[in-house]
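One structure is given here, and the rest of the page talks about it.
Proteins come first, then strands; the chains are lettered A, B, ... in the order of their sequence lines, and each starts at number 1.
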2 protein chains.
Amino acid sequence: MREPHHPSCGELELPAILHALSDPARLEIVRRLSTGPECTCGTFDLGLSKATLSHHFRVLREAGLVRTRPEGRKRMLSLRDDDLNDRFPGLLDAILAADGAELQAPA
Amino acid sequence: MREPHHPSCGELELPAILHALSDPARLEIVRRLSTGPECTCGTFDLGLSKATLSHHFRVLREAGLVRTRPEGRKRMLSLRDDDLNDRFPGLLDAILAADGAELQAPA
DNA sequence: CCGCCGCTTCGACATCTATCGAACGGTCGC
DNA sequence: GCGACCGTTCGATAGATGTCGAAGCGGCGG
């Protein structure tokens, strides 16, 4: 299984990151990744088809938010929080904190 | 000139905010508003038509990022940083800081 | 080595989005 | 009032996006 392309740390672009996180499904994926260790694609049950889920993983990967590592016939997903904090310090934390704040005080 | 609709502080939704800021033109508008006081719509020269600019203002307004106040035949735009910091503390600052970081270290 | 498993890719489709020119609508100056 | 001014809204259009089923593909197990 070939290694998919990941943008380098310097290639991370803010609009792409914000766009990637502007979809509730992708925001949820990132939120889950932030609370635990890396996990496989199949562990996400968001009521979406495999094809759609794979599409969201790709958007997140190409925006530089997640890393995809092949492991046997599975793929391990992990948040690129190190690179993100290096390039945009505090951004990810602020967004995840805002996500939590929204959950606690829904509209 | 009638007062346009603004979402209340509790109606602010994170995905909508992130989506609003995921467009470079809108991000630029917010960045400019953050550095100065309120200003009129016409002060933004981003190489876009009036219609397109008005569209972006609407997206920002409906996401709760900016306030529009009629003043004569002009419209004063201002950032809703008070409401945003109340609902999502630190979020706006982190995004604007990230925007600055991107400008200083372009890809 | 044949088939299952996990995931990606393809093709399709409906919806959304960014963009523009043109038309419209208050507001102010004269 | 009349016309200029500032900005919104309308209608249109090209492109992006989210979604799915079906097909493809590499790896693992029997």
task: List the atom of Leu33(B), the atom of Leu77(B), and the distance in Å for their closest heavy-atom pair.
output: CD2-O, 3.8 Å
task: Send over the distance from His56(B) NE2 to dA18(C) P, rounded to a whole Å.
output: 6 Å
- prompt: Any side-chain heavy atom of Val30(B) sitting closer than 4.5 Å to one from Asp99(B)?
  reply: no
field: First of Asp23(B) and Gly42(A) reached from the 5' end of DNA chain C, by closest nucleotide
entry: Gly42(A)
message: Pick the closest DNA chain D nucleotide for Arg26(A) and for Thr43(B) by heavy atoms, then say which residue is nearer the 5' end.
response: Thr43(B)
- prompt: Over how many whole Å does the gap from Glu62(B) atom CD to dT8(D) atom P extend?
  reply: 12 Å
query: If you look only at pairs with a residue in residues 58-88 of chain A, which of them pass as a ring-ring contact (aromatic ring centres under 6.0 Å, His included), with sequence neighbours excluded?
result: none
message: Between P on dG27(D) and CE on Met76(A), what's the gap in Å once rounded to a whole number?
response: 17 Å
message: Expressed as a whole number of angstroms, how long is the span from His55(A):NE2 to dG11(C):P?
response: 17 Å
message: Can you measure Glu71(A) atom CD to dG27(D) atom C1' for me and round it to whole angstrom units?
response: 12 Å
message: Mind checking if Leu53(A) touches a base, just sugar-phosphate, or nothing, with heavy atoms under 4.0 Å?
response: nothing
Kindly list each side-chain donor-acceptor pair under 3.5 angstrom involving residues 55-64 of chain A, sequence neighbours excluded, with atom names and distances?
from	atom 1	to	atom 2	distance (Å)
His56(A)	ND1	Arg26(A)	NH1	3.1
Arg61(A)	NH1	His5(A)	O	2.9

query: dC6(D) C1' sits how many Å from Arg69(B) CZ, rounded?
result: 15 Å
query: Between the base of dG7(D) and the side chain of Lys50(B), is there a donor-acceptor distance below 3.5 Å?
result: yes
